[in-house]
Amino acid sequence: MADNNKITPQNEDYSRWYLDVIREAELAEDSPVRGSMVIRPYGYALWEAIQSGLDRRFKATGHVNAYFPLFIPKSFLQKETEHIEGFSPELAVVTIGGGNTLEEPLVVRPTSETIIGHHYAKWIQSYRDLPLLINQWANVVRWEMRTRPFLRTMEFLWQEGHTAHATEKEAREETLRMLDVYVDFAENDAAIPVIKGVKSDREKFAGAVDSYTIEGMMGNGWALQMGTSHYLGTKFAQAFNVSFLDQNNVTQLCHTTSWGISTRMVGAVIMAHGDDRGLRLPPALAPIQVVIVPIWRKEAERGPVLEIADHVHASLRDEGMRVKVDRRDDQTPGFKFNDWEMRGVPIRIEIGPKDVQQQSAVLARRDRPGKEGKNFGVPLAGVAQETRTLLHSIQENLRHQALQKRTDNTHRVTSYTAFQDVLREQGGFLHVHWAGTTQDEERIQKETKATLRCLPMENAKEEGQCVLTGKRTNQTAIFARAY
RNA sequence: CGGGGCGUGGCGCAGUUCGGUAGCGCGCCAGCUUUGGGAGCUGGAUGUCGGAGGUUCAAAUCCUCUCGCCCCGACCA
């Protein structure tokens with residue numbers, strides 16, 4: 001493998017590796033404002049692929065899109081006590097508009113439960129108006145102390161679903177349905193296996209009754225919350241008087257939910273699959289699934305090579321694949337190979353004079369390094385079929401590798417001593433029996449930097465002893481260092 | 001907010017100790033030769049040295065003030 005000096009190896013400094021990949025693959029760059037980033041076209045294309053995978057699933061489950069305003073009267077947030085307490089440290093507030101001090105400060109939305117609650121109260125009168133299933137794609141702002149591109153920025157893009165239901169049962173079903181949509185997206189599109197779980201009181205959304213999460217494992221063994229779904233009970237309905245008349249002409253409060261996935265998902269894709277050569281994108285999300293690199297030595301070879309390259313391009317495009325021919329003539333093939341590998345393109349097709357001669361092409365897969373991942377002499381007639389098969393295989397292989405890594409780095413421990421040792425020496429996820437309190441969680445974080453990621457829902461429910469308190473319990477928990 | 005570091009062509013940096021014509025690498029532009037794993041040669045363009053004030057014959061360099069950014073920690077999708 002040719003060394004590259006542009007990307008720091010993961011095991012040397014994972015954090016620098018992450019930043020190097022983002023810079024070299026041109027996903028994003030810093031803006032002049034601390035903690036904000038510019039999402040560059042390639043990074044935005046990746047986000048668009050994520051959006052499209054999610055949006056399709058939202059529509060399929062009966063949701064529609066709408067848009068609510070960026071500015072929210074500050075008093076709205078204050079109507080729900082836990083909500084304002086949770087969010088006030090990270091609010092950006094506008095106090096001056098048009099040169100004059102505003103009568104009421106406007107909060108730049110950190111999330112939209114309140115403004116949406118206000119309008120749902122107007123839209124919902126009768127049980128016939130329910131359920132109300134709306135999603136919005138928007139930007140939000142949270143004043144963060146410590147930021148990282150995609151993982152935590154002051155402004156980020158996301159979708160937030162907000163639904164209102166007649167009964168707790170329906171709302172809880174919705175909460176879990178959308179959690180499953182997220183699981184489906186994460187595993188099948190992003191190729192990242194996730195753990196579904198419940199958040200502890202300490203970690204749950206400010207104003208939720210129950211928060212659910214999907215947690216993925218990143219390349220360094222740290223956890224990343226990749227999506228959340230909340231059952232909000234009647235808390236926001238109460239605060240904003242979101243109520244309806246039921247079949248018996250009795251006024252009832254709505255039960256509401258909210259759920260979101262953000263541009264953090266881009267960070268998840270980078271970290272779950274990337275290697276020392278750069279990005280490795282799952283075909284389902286890759287903005288460019290196949291790149292064709294034409295190769296020629298003599299000017300006379302150029303025409304025939306490009307002709308075949310264009311032909312292959314057309315045949316793959318006609319089958320719905322996202323293909324690009326790299327026609328740059330100021331770069332060598334070797335440069336292009338490395339360049340596209342860094343950008344994570346799943347398949348590279350090389351077409352040179354020898355291939356023209358043999359009416360064949362070379363297929364190279366990104367998920368297998370060097371010659372091992374190259375298939376020489378694929379007949380042109382079979383390239384489209386071969387490419388299609390290969391895309392599926394790469395998608396599956398990335399998911400498999402990520403799952404393998406998570407399995408290898410998930411440890412069951414039964415004592416707090418082992419907990420600390422394993423975390424320090426190996427890292428990864430610690431799967432433990434748990435019956436601790438919020439204070440116990442705080443203590444663990446203080447002593448080990450690990451946090452309670454979730455109480456997994458898929459759980460054998462075997463009885464055991466709490467790793468910290470020793471109490472008997474059949475509840476388990478995942479602890480890990482987290483972003 | 002505490003601790004550390006840094007502001008010099010587009011990017012990364014040297015130069016600051018000990019004041020004396022602002023440099024290097026990458027990138028960029030032009031030309032020629034190259035092109036199956038990050039091409040070579042030749043020529044060229046690009047700077048209010050973060051800002052303000054001061055000392056001095058002379059300041060990137062010394063002094064004072066100021067602004068900003070990055071890293072580590074406390075909070076977080």
Side-chain angles (χ1 to χ4, degrees), chain A residues 1-7 13 15-16 19-20 23-24 29-36 86-91 110-111 138-148 150-160 182 199 202-206 208 211 213-216 223-230 258-268 277-278 293-299 301-302 305 326 328-342 348-357 360-362 364 369-371 373-374 376-377 442 445-446 449 451 482-483:
Chain A
M1 290 305 96
D3 288 332
N4 83 56
N5 45 9
K6 293 174 178 165
I7 299 177
D13 184 338
S15 182
R16 260 179 60 197
L19 295 170
D20 289 346
R23 186 189 62 244
E24 291 301 321
E29 71 183 28
D30 285 336
S31 93
V33 176
R34 183 192 71 85
S36 313
F87 276 106
S88 50
E90 39 188 337
L91 294 182
T111 179
N139 58 338
V140 286
V141 168
R142 299 182 184 176
W143 212 263
E144 300 288 354
M145 307 195 156
R146 178 121 169 64
T147 59
R148 277 197 175 91
F150 293 112
L151 300 176
R152 175 165 300 105
T153 47
M154 296 222 300
E155 177 187 1
F156 57 93
L157 307 182
W158 77 347
Q159 57 69 215
E160 43 179 328
Y182 287 165
K199 281 293 184 187
R202 178 163 183 261
E203 299 278 336
K204 83 180 179 193
F205 177 74
S211 284
T213 177
I214 54 170
E215 299 281 328
L224 184 74
Q225 176 173 313
M226 291 164 54
T228 49
S229 186
H230 314 290
S258 66
W259 26 273
I261 275 186
S262 72
T263 35
R264 170 179 273 191
M265 184 62 81
V266 175
R277 303 172 73 79
V293 178
I295 300 159
W296 62 86
R297 284 175 181 281
K298 303 172 195 131
E299 194 55 33
E301 293 165 341
R302 180 191 179 115
V305 163
D326 186 348
R328 289 179 289 182
D329 57 6
D330 55 339
Q331 301 292 358
T332 63
F335 178 90
K336 294 177 183 177
F337 295 173
N338 287 289
D339 196 42
W340 292 112
E341 278 171 7
M342 191 169 63
R348 178 181 69 246
I349 298 181
E350 305 168 15
I351 296 172
K354 289 179 205 163
D355 301 293
V356 173
Q357 199 101 69
S360 67
V362 179
K371 273 209 161 148
K374 276 200 184 190
F376 295 88
E442 276 161 10
Q445 177 168 13
K446 209 166 195 169
K449 292 182 174 173
T451 49
Y483 282 104

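- Residues passing the side chain to side chain contact (heavy atoms under 4.5 Å, CB included) test with A:Pro353 are A:Glu301, A:Val305, sequence neighbours excluded.
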Using the 3.5 Å cut-off, write out each protein N or O paired with an N or O of nucleotides 27-35 of chain B and the distance between them.
| unit_1 | atom_1 | unit_2 | atom_2 | d |
| --- | --- | --- | --- | --- |
| B:rU35 | OP1 | A:Arg297 | NH1 | 2.9 |
| B:rU35 | O2' | A:Trp296 | O | 3.0 |

Can you pull every protein N or O that's under 3.5 Å from an N or O on nucleotides 70-72 of chain B?
| unit_1 | atom_1 | unit_2 | atom_2 | d |
| --- | --- | --- | --- | --- |
| B:rC72 | OP1 | A:Arg146 | NH2 | 2.8 |
| B:rC72 | OP2 | A:Arg146 | NE | 3.3 |
| B:rC72 | OP2 | A:Arg146 | NH1 | 2.9 |
| B:rC72 | OP2 | A:Arg146 | NH2 | 2.2 |

As a quick check of understanding, evaluate side-chain hydrogen bond (donor to acceptor under 3.5 Å, both in side chains) for A:Glu215 and A:Thr213, giving each step before the final call.
CA-CA 6 Å; A:Glu215 299 281 328; A:Thr213 177; 2.8 Å; yes

>> Please evaluate residues A:Val362 and A:Asp355 with respect to the criterion side-chain contact (heavy atoms from CB on, under 4.5 Å), reporting the C-alpha separation (whole Å), side-chain torsions for both, the decisive distance (0.1 Å), and the verdict.
In response: CA-CA 8 Å; A:Val362 179; A:Asp355 301 293; 3.8 Å; yes

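- Ion pairing between a basic and an acidic side chain is recognised when a charged N comes within 4.0 Å of a carboxylate O; A:Asp330 and A:Arg328 show no such pairing.
- As rounded to whole Å, 5 Å separates atom C1' of B:rC75 from atom CE of A:Met145.
- Put simply, CZ on A:Phe335 is 14 Å from P on B:rC26, counting in whole angstrom units.
- We find that CE of A:Met342 is positioned 14 Å from C1' of B:rG37, with the value rounded to whole Å.
- The residue A:Lys354 sits close to a base: some heavy atom pair falls under 4.0 Å.
- Here B:rA77 presents its C1' atom at 9 Å from CG of A:Leu224, a figure rounded to the nearest Å.
- The structure places CG of A:Asp329 at 12.0 Å from OG1 of A:Thr332, a figure rounded to the nearest 0.5 Å.
- A:Ala206 pairs by the side chain to side chain contact (heavy atoms under 4.5 Å, CB included) definition with A:Phe87, not counting sequence neighbours.
- A:Phe156 comes within 4.0 angstrom of a base, heavy atoms only.
- The gap from the P atom of B:rC29 to that of B:rU56 amounts to 48 Å, rounded to the nearest Å.
- A:Arg348 contributes a side-chain N or O that forms a donor-acceptor pair with the base of B:rG37 under 3.5 Å.
- Here the separation of B:rC41 from B:rC26, taken at their P atoms, is 9 Å to the nearest Å.
- Comparing A:Lys204 and A:Val356 along RNA chain B, the residue whose closest nucleotide (by nearest heavy atom) sits nearer the 5' end is A:Val356.
- Salt bridge status for A:Arg146 with A:Glu144: absent, with no side-chain N to carboxylate O gap under 4.0 Å.
- Atom name P, nucleotides B:rC63 and B:rC71: the rounded distance is 28 Å, in whole Å.
- Atom P of nucleotide B:rA74 and atom CH2 of A:Trp143 are separated by 21 Å, given to the nearest angstrom.
- Among the heavy atoms of the strands, none lies under 4.0 Å from A:Arg328.
- Among the protein residues, A:Leu151 comes within range of the nucleic acid bases, having at least one heavy atom under 4.0 Å from a base atom.
- A:Arg348 places a side-chain heavy atom less than 4.5 Å from the side chain of A:Phe337.
- On the P atoms, B:rG50 is 8 Å away from B:rG7, given to the nearest whole Å.
- At the heavy-atom level, A:Val293 lies nowhere under 4.0 Å from the strands shown.
- Comparing the same atom, C1', in B:rG23 and in B:rG9 gives a spacing of 11 Å after rounding to whole Å.
- Non-hydrogen atoms lying under 4.0 Å from RNA chain B are contributed by A:Ser262, A:Arg264, all within residues 258-268 of chain A.
- The P atoms of B:rA22 and B:rA60 are separated by 8 Å, rounded to the nearest whole Å.
- Helical stems in RNA chain B, defined as runs of 3 or more consecutive Watson-Crick or G-U wobble pairs with donor-acceptor distances under 3.5 Å: B:1-7 with B:67-73, B:10-13 with B:23-26, B:28-33 with B:39-44, B:50-54 with B:62-66.
- For the C1' atoms, the distance from B:rG20 to B:rC11 is 30 Å, rounded to whole Å.
- If you take NZ of A:Lys446 and C1' of B:rC75, they are 14 Å apart, rounded to a whole angstrom.
- Relative to the ring axis of A:Phe156, A:Arg264 does not place its NZ or CZ within 45° and under 6.0 Å from the centre.
- Each of A:Met226 and A:Phe376 lies near RNA chain B, and the nucleotide nearest A:Phe376 is the one positioned closer to the 5' end.
- Across B:rG36, B:rG37, B:rC75, the shortest atom-to-atom separation from the side chain of A:Val362 is found for B:rG36.
- To the nearest angstrom, C1' of B:rA77 lies 11 Å from CD of A:Glu215.
- Here A:Thr153 lies in heavy-atom contact (under 4.0 Å) with a base.
- Comparing the P positions of B:rG54 and B:rU61 gives a spacing of 14 Å, expressed to the nearest Å.
- Salt-bridge annotation for A:Glu155 and A:Arg142: absent, with no side-chain N of the basic residue lying under 4.0 Å from a carboxylate O of the acidic one.
- The shortest side-chain heavy-atom distance between A:Leu224 and A:Leu151 falls under the 4.5 Å cut-off.
- Salt bridge status for A:Arg23 with A:Asp30: absent, with no side-chain N to carboxylate O gap under 4.0 Å.
- Rounded to a whole Å, the CD atom of A:Gln445 is 12 Å from the P atom of B:rG73.
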